[in-house]
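Okay, structure first, notes after.
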Amino acid sequence: MNEQSTTTGTPLVKRGLAEMLKGGVIMDVVNAEQAKIAEDAGAVAVMALERVPADIRVDGGVARMSDPEMIEGIQEVCTIPVMAKARIGHFVEAQILQSLGVDYIDESEVLTPADETHHIDKWAFKVPFVCGATNLGEALRRISEGACMIRSKGEAGTGDVVQAVRHLRTITGDIKKITQADQAELFEWAKQLQAPLPLIQEIAETGELPVPLFCAGGLATPADAALAMQLGADAVFVGSGIFKSADPAPRARAIVEATTNYMDAAILAKVSRGLGAPMTGIGMDELDVKFEDRGW
Amino acid sequence: MTVGVLALQGAFKAHVSKLKLLGVAAKEVRVPADLDGITGLIMPGGESTTISKLLESSELFNPIAQRIDDGMAVFGTCAGLILLASSIEDGRADQRSFGRLDIDVQRNGYGSQIESFETDLETTVTLEPFHAVFIRAPRISRVGPDVDVLAETRDEPVLVRQGNALGAAFHPELSQDLRIHHIFLESIA
């Protein structure tokens, strides 16, 4: 065969993995044992990190990329994709994660930002990136920098779904409005959202975000996952919600089944039974640090 | 004609769009009752371990196996190919498959996501090459004597057919090309 015609790291290849994760649950794990539980429960991918967001909140201090040894330990036990987080703007952490062969990098506001102005130039990498967004403008700026998946940020580590709902509704609501706009109004939308006009025009045409839209930040129950899906998310991230609950394995399985059967209330009722206590959580109005404000 | 698309997890919507472009009614399959009235079933790309578990919890595995035995045409892409394979190397012990393609597959056989690739495939069923996308693709490491190899890349089979089962290691649902879906639909008619 002609080797010349084979290419890696293309936009289609990068976005392709996000397509494959649709309808699934990506779970935060801090060690190999949790990664096994997540995979056994039917996770489509795991996010390897040193501390779940709930613990990052409690501990305070600077949160950074995880130890490569810990990430490799998780890669060894997992057959599903392994993602890892880099700090906003910390392109060297991203280079290191790419060299480890992680399948996706999350340029994440959950870690302490390394750059107050710039995000990572994600086009420079073969590995695909996911980035958080609280609104459509932020999502489109990340896409213009090369993100292949957007996750609505929510507020990680709280177990409170309210911000996830707000961000998802903000993004999908503006998409709906743009599909109703005429050509002249699209220029104004680009200006208002501080986003590239070609991406606004693409949304006007397709009625969709140019990359898959996942939901994260505060999901703790099967009903939360189904809520995100019914609001238009393509898949969900569950961080602290699983391993900060009383009994992680059954809860993880229930959230996987709820994400598939998000329209079927009878199945949602069945899988929500007897899961034990969800993570205690922190209400949004009790927070000192809001991760959602990180990102520019 | 109504074609079902297994919608437990993965890129099922991309397959539904392709079927619509071909003028065929598509039905998302999540529970056994969804199998009523379909004449073919597509198993999409996604995570095969996840889909395998959901096939059990949704009680879809046995009804689908029965329908395939009765002659329903099936088309598996990537994870869907793994679900149709008779043997999964380095799969999970609890991972089930329908075993309708006499092949051995190795999950993520081409490496991690950084090694995922696109390439032009010569096939025996299309006149012009087919531009194919491989995402953490399974590698077909053995084909049985009754399996037709319809396309190869790197000297290994990537599109195979046996009886009423068609399997692709790549994702025709992500290409701007309907020809392989069309070939599957012809096998139903």
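Source: prediction; values computed, not measured. Values below: all heavy atoms of this structure, side chains included; hydrogens, waters and symmetry mates excluded. Proteins get letters first, then strands, A, B, ... in listed order; numbering begins at 1 in each.
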message: Is it true that, when you exclude B:H182 itself, more than 12 heavy atoms of the residues, nucleotides or ligands shown sit nearer than 6.0 Å to its NE2?
response: no

field: Step-by-step side-chain contact (heavy atoms from CB on, under 4.5 Å) determination, B:L8 to A:N261
entry: CA-CA 8 Å; B:L8 297 173; A:N261 299 291; 5.6 Å; no

field: Region of A:A18 that comes under 4.5 Å of a non-hydrogen atom in chain B
entry: neither

- prompt: Heavy-atom distance under 4.5 Å to chain B: side chain of A:A43, backbone, both or neither?
  reply: backbone

- request: Determine yes or no for a side-chain-to-main-chain donor-acceptor pair under 3.5 angstrom, with B:R30 supplying the side chain and A:T260 the backbone.
  value: yes

field: Between A:P212, A:G24, A:P81, A:P128, the one whose heavy-atom pairs under 4.5 Å with chain B are most numerous
entry: A:P81

- prompt: Going by distance alone, is a donor N or O of one side chain under 3.5 Å from an acceptor N or O of the other, for A:T7 and B:E118?
  reply: no

statement: Scored by heavy-atom pairs under 4.5 Å with chain B, the best of A:V25, A:T259, A:V256, A:D40 is A:D40

- prompt: Under a 4.5 Å heavy-atom cutoff, which of A:E39, A:R253, A:K126 has the most pairs with chain B?
  reply: A:E39

CG on A:D264 to OG on B:S58, rounded to 0.5 Å: 11.5 Å

field: Check: A:E257 and B:L54 side chains under 4.5 Å, non-hydrogen atoms
entry: yes

Heavy-atom donor-acceptor pair, B:Q113 side chain to A:V13 backbone, under 3.5 Å: yes

- request: Give, for atom CD of A:E19 and atom CG of B:L174, the distance between the pair rounded to the nearest 0.5 Å.
  value: 6.0 Å

- prompt: Is A:Q230 atom CD crowded by more than 12 heavy atoms from other residues, nucleotides or ligands, each under 6.0 Å away?
  reply: yes

query: So do the side chains of B:E115 and A:T8 get within less than 4.5 Å of each other, counting heavy atoms only?
result: no

- prompt: Within the side chain of B:T50, is there an N or O that forms a donor-acceptor pair under 3.5 Å with the backbone of A:G42?
  reply: yes

query: How far does NZ of A:K14 sit from OG of B:S116, to the nearest 0.5 angstrom?
result: 12.0 Å

- prompt: Considering residues, nucleotides and ligands other than A:E69, do more than 12 of their heavy atoms fall under 6.0 Å from its CD?
  reply: no

query: Going from CZ on B:R136 to CD1 on A:I80, what distance comes out if it is rounded to the nearest 0.5 angstrom?
result: 8.5 Å

message: Between B:T49 and chain A, with a heavy-atom cut-off of 4.5 Å, which part of the residue counts as in contact: side chain, backbone, both or neither?
response: side chain

message: Keeping B:N108 on the side-chain end and A:T79 on the backbone end, is there a donor-acceptor pair under 3.5 Å?
response: yes

task: Without swapping roles, check the side chain of B:Q9 against the backbone of A:M20 for a donor-acceptor pair under 3.5 Å.
output: yes

- prompt: Of the backbone (N, CA, C, O) and the side chain (C-beta and beyond), which part of A:V102 lies under 4.5 Å from a heavy atom of chain B, both, or neither?
  reply: backbone

field: Top of A:I267, A:V127, A:D234, A:D103 for chain B proximity - count of heavy-atom pairs under 4.5 angstrom
entry: A:D103

- request: Tell me, yes or no, whether the heavy-atom count around A:F125 atom CZ, taken from other residues, nucleotides or ligands under 6.0 Å, exceeds 12.
  value: yes

statement: One should read off an interatomic distance between B:I135 CD1 and A:L21 CG, to the nearest 0.5 angstrom, of 10.0 Å

query: What distance separates A:L17 CG from B:E47 CD, expressed to the nearest 0.5 Å?
result: 7.5 Å

query: For A:Q75, is it the side chain, the backbone, both or neither that has a heavy atom under 4.5 Å from a heavy atom of chain B?
result: neither

field: Crowding at CD, B:E89 (>12 non-hydrogen neighbours, <6.0 Å)
entry: yes

task: Tell me, for B:A7 versus chain A, whether the close heavy atoms (under 4.5 Å) come from the side chain, the backbone, both or neither.
output: backbone

